[in-house]
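Below is one structure, written out as structure tokens, with a few remarks after it.
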Amino acid sequence: MTIRSFLFVPGDSERKLAKGQGSGADALILDLEDAVAPARKLAARGLVAEALAARPPTGPELWVRVNPLDEGGLDDLAQVVRPGLDGIVLPKIDGVAEVVRLSHHLEVLERRDGLAPGSVRILPVATETAAAPFGLAAFTSLELPRLYGLTWGAEDLATALGASTNRDEAGGFAFTYRVVRSLALMAARAAGAEPVDTLYADFRDGEGLARDSAASAREGFTGRLAIHPDQVATINAAFSPSEAEVAQARRVVEAFAAAPDAGAVGLDGHMLDRPHLKQAERILDRHARRS
Ligand code: COA
Ligand code: MG
């Protein structure tokens, strides 16, 4: 199922873990990395493992953002790969090799813990280091059955580049960050995976979030990261096909069904060919799986 909203929940906050469950998010990302202070990392690992064990039968998918593998991430995995876990968010990767490495670890841990082989999926944060953008092409040439999608981040990249901000004068992302955003989108699609847009930092600005998410959905992203429960409903709406889109998609599919041997058909004075049909089928598929 396509995940529209991934809500970050600091892994050391029992209160937020509880609150996240009722947030309406399609998935929670229980965070062991940057949202947790170094002194709280151990406690967070324990709390996240408990939250997975106590997972209710319904509710959001549960993902965990581990630390980079050689900075505590392996210890994170040893504790959180257990029944109840849907996926791992892997931050600050330089390239696909780290995803391959994680896949191998998961293969073993799933067997140890009685999870279905291949059930734990992976969402790498694919643009957080200076090297990362150059490795994106490799995602398109490898078979990575666990890969759910690719997401991107602008905060750590700015730090890695020695930038004082990732913003331009108008307040939007500066050019460098718009470049990696587009690269992540294209790499995800080329890999047959979901493009997941980054977070919208100003969590009190609901209107800005709605506008930004609508633009993101138009560009092809299928969901985005959230940092506050108030953002979830807006994000879910932006990444769900509207009634008008669903109705139009039905008409496109019907037009092709009525002309089974045609490569292109006309509808309302517009030419439609195979890419339009594929797009319409994708909208109907997303709609069907949400209703
Ligand atoms: N997940 C679950 N619950 C959350 C939440 C989150 N991400 N963010 C806020 N809440 C809860 C709060 O605990 C509070 O609940 P309460 O009234 O029962 O205590 C309620 O929602 C309202 O929160 P609010 O007062 O508006 O925000 P805050 O000042 O408590 O928290 C942040 C602001 C930014 C610290 C918080 O939203 C947060 O921790 N976000 C996630 C940060 C993160 O994980 N970053 C890593 C990715 S970059
Ligand atoms: Mg970070």
Side-chain angles (χ1 to χ4, degrees), residues 3-41 43-45 47-48 50-52 54-56 59-73 76 80 87-94 98 123-133 149-163 165-167 173 176-177 180-181 184 196-206 208-209 212-213 223-236:
I3 297 167
R4 300 164 299 179
S5 50
F6 280 94
L7 173 62
F8 268 113
V9 180
D12 64 337
S13 168
E14 269 178 285
R15 193 180 178 94
K16 286 179 183 164
L17 287 171
K19 192 117 186 163
Q21 294 284 356
S23 65
D26 290 337
L28 303 183
I29 302 176
L30 312 180
D31 190 24
L32 297 176
E33 201 220 3
D34 284 347
V36 179
R40 300 277 300 158
K41 294 267 182 190
R45 229 180 245 155
L47 278 176
V48 166
E50 276 172 35
L52 293 170
R55 178 187 180 143
E61 288 197 10
L62 296 182
W63 290 59
V64 175
R65 181 167 72 171
V66 295
N67 290 278
L69 295 184
D70 293 320
E71 295 166 37
D76 293 338
V80 305
I88 295 290
V89 176
L90 188 62
K92 296 189 182 63
I93 62 162
D94 281 330
E98 285 152 82
L123 177 68
V125 192
T127 68
E128 289 189 309
T129 72
L150 293 179
T151 190
W152 72 285
E155 307 302 327
D156 289 282
L157 181 58
T159 304
L161 299 181
T165 174
N166 51 34
R167 299 285 157 175
F173 279 122
T176 301
Y177 307 89
V180 297
R181 175 175 182 272
V196 178
D197 207 352
T198 199
L199 55 92
Y200 189 83
D202 184 355
F203 58 84
R204 304 274 182 233
D205 177 15
L209 173 68
D212 196 75
S213 302
R224 82 180 301 173
L225 307 177
I227 49 169
H228 191 287
D230 287 355
Q231 296 185 313
V232 167
T234 304
I235 292 176
N236 285 349

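Start at 1 and go down the list; that is how both ligands and their atoms are numbered. Just so you know, residue 1 is the first one in the sequence shown, and it goes up from there.
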>> Using a 3.5 Å cut-off on N or O atoms only, is Phe8 in polar contact with ligand 1?
In response: yes

> Which atoms of ligand 1 have any heavy atom of Val9 under 4.0 Å away?
Replying inline: 1 (N)

> Roughly how far apart are Asp202 CG and His228 NE2, rounded to 0.5 Å?
Replying inline: 11.0 Å

> Does a side chain donor of either Asn67 or Lys92 reach within less than 3.5 Å of an acceptor in the other side chain?
Replying inline: no

> Side chains of Ile93 and Val125: closer than 4.5 Å at any heavy-atom pair?
Replying inline: no

> For ligand 1, which atoms sit closer than 4.0 Å to a heavy atom of Arg65?
Replying inline: 46 (C), 47 (C)

> When you measure from the side chain of Gln231 to the backbone N and O of Ile227, does any donor-acceptor pair fall under 3.5 Å?
Replying inline: yes

> In Å, rounded to the nearest 0.5 Å, how long is the span from CZ of Arg204 to CG of Leu209?
Replying inline: 13.0 Å

> Purely on distance, is any nitrogen or oxygen of Leu7 under 3.5 Å from one on ligand 1?
Replying inline: no

> Among the heavy atoms of Asp230, does any lie under 4.0 Å from an atom of ligand 1?
Replying inline: no

> When you measure from the Mg ion (ligand 2) to each N, O or S atom of Asp156, which atom gives the shortest distance?
Replying inline: OD2

> To the nearest 0.5 Å, how far apart are CG in Leu28 and CZ in Arg55?
Replying inline: 9.0 Å

> Does ligand 1 have any atom that is closer than 4.0 Å to a heavy atom of Asp34?
Replying inline: no

> Considering only heavy atoms of Ala35, which atoms of ligand 1 have at least one such atom less than 4.0 Å away?
Replying inline: 43 (C), 44 (O), 45 (N), 46 (C)

> Can you tell which of Ile227, Leu17, Val36, Val232 gets a heavy atom nearest to atom 40 (N) of ligand 1?
Replying inline: Ile227

> To the nearest 0.1 Å, how far is atom 34 (C) of ligand 1 from its closest protein heavy atom, and which atom is that?
Replying inline: Phe203 CE2, 3.5 Å

>> Among the N, O or S atoms of Asp34, which one sits nearest to the Mg ion (ligand 2)?
In response: OD2

>> Looking at Phe8, is its backbone amide N or carbonyl O close enough to the side chain of Lys16 to form a donor-acceptor pair, meaning the two atoms are under 3.5 Å apart?
In response: no

> Closest non-hydrogen protein atom to atom 9 (C) of ligand 1, residue and atom name please, with distance?
Replying inline: Pro229 CD, 3.6 Å

> Which one of Thr198, Thr127, Asp197 satisfies the side-chain hydrogen bond (donor to acceptor under 3.5 Å, both in side chains) criterion with Trp152?
Replying inline: Asp197

>> Using side-chain heavy atoms (C-beta onward) and a distance below 4.5 Å, is Leu32 in contact with Lys41?
In response: no

> Which atoms of ligand 1 are found less than 4.0 Å from any heavy atom of His228?
Replying inline: 8 (N), 9 (C), 22 (C), 23 (O), 24 (P), 26 (O), 27 (O), 37 (O)

> Taking atom 21 (O) of ligand 1 as the point of reference, which of Lys16, Glu155, Lys19, Arg15 owns the nearest heavy atom?
Replying inline: Lys19

> What atoms in ligand 1 come closer than 4.0 Å to a heavy atom of Asp31?
Replying inline: 46 (C)

>> Suppose I only count heavy atoms of Leu199 and a 4.0 Å limit; which atoms of ligand 1 are within that range?
In response: 48 (S)

> Is any NZ, NE, NH1 or NH2 atom of the basic residue among Asp212 and Arg224 found under 4.0 Å from an Asp or Glu carboxylate oxygen of the other?
Replying inline: yes

>> Run the ring pair (Phe, Tyr, Trp, His ring centres under 6.0 Å) test against Trp63 and tell me which residues pass, sequence neighbours left out.
In response: Phe6, Tyr148

>> If you scan the protein for heavy atoms around atom 28 (P) of ligand 1, do you find one that is closer than 4.0 Å?
In response: no

> Can you tell me the protein heavy atom closest to atom 25 (O) of ligand 1 and the distance?
Replying inline: Arg204 NH2, 4.2 Å

> For Glu33, is the nearest heavy atom under 4.0 Å from an atom of ligand 1?
Replying inline: no

> Looking at CD1 of Ile235 and CZ of Arg4, how far apart are the two atoms once the value is rounded to the nearest 0.5 Å?
Replying inline: 10.5 Å

> Nearest to atom 42 (C) of ligand 1, what protein heavy atom do you find, and at what distance?
Replying inline: Pro10 CG, 4.2 Å

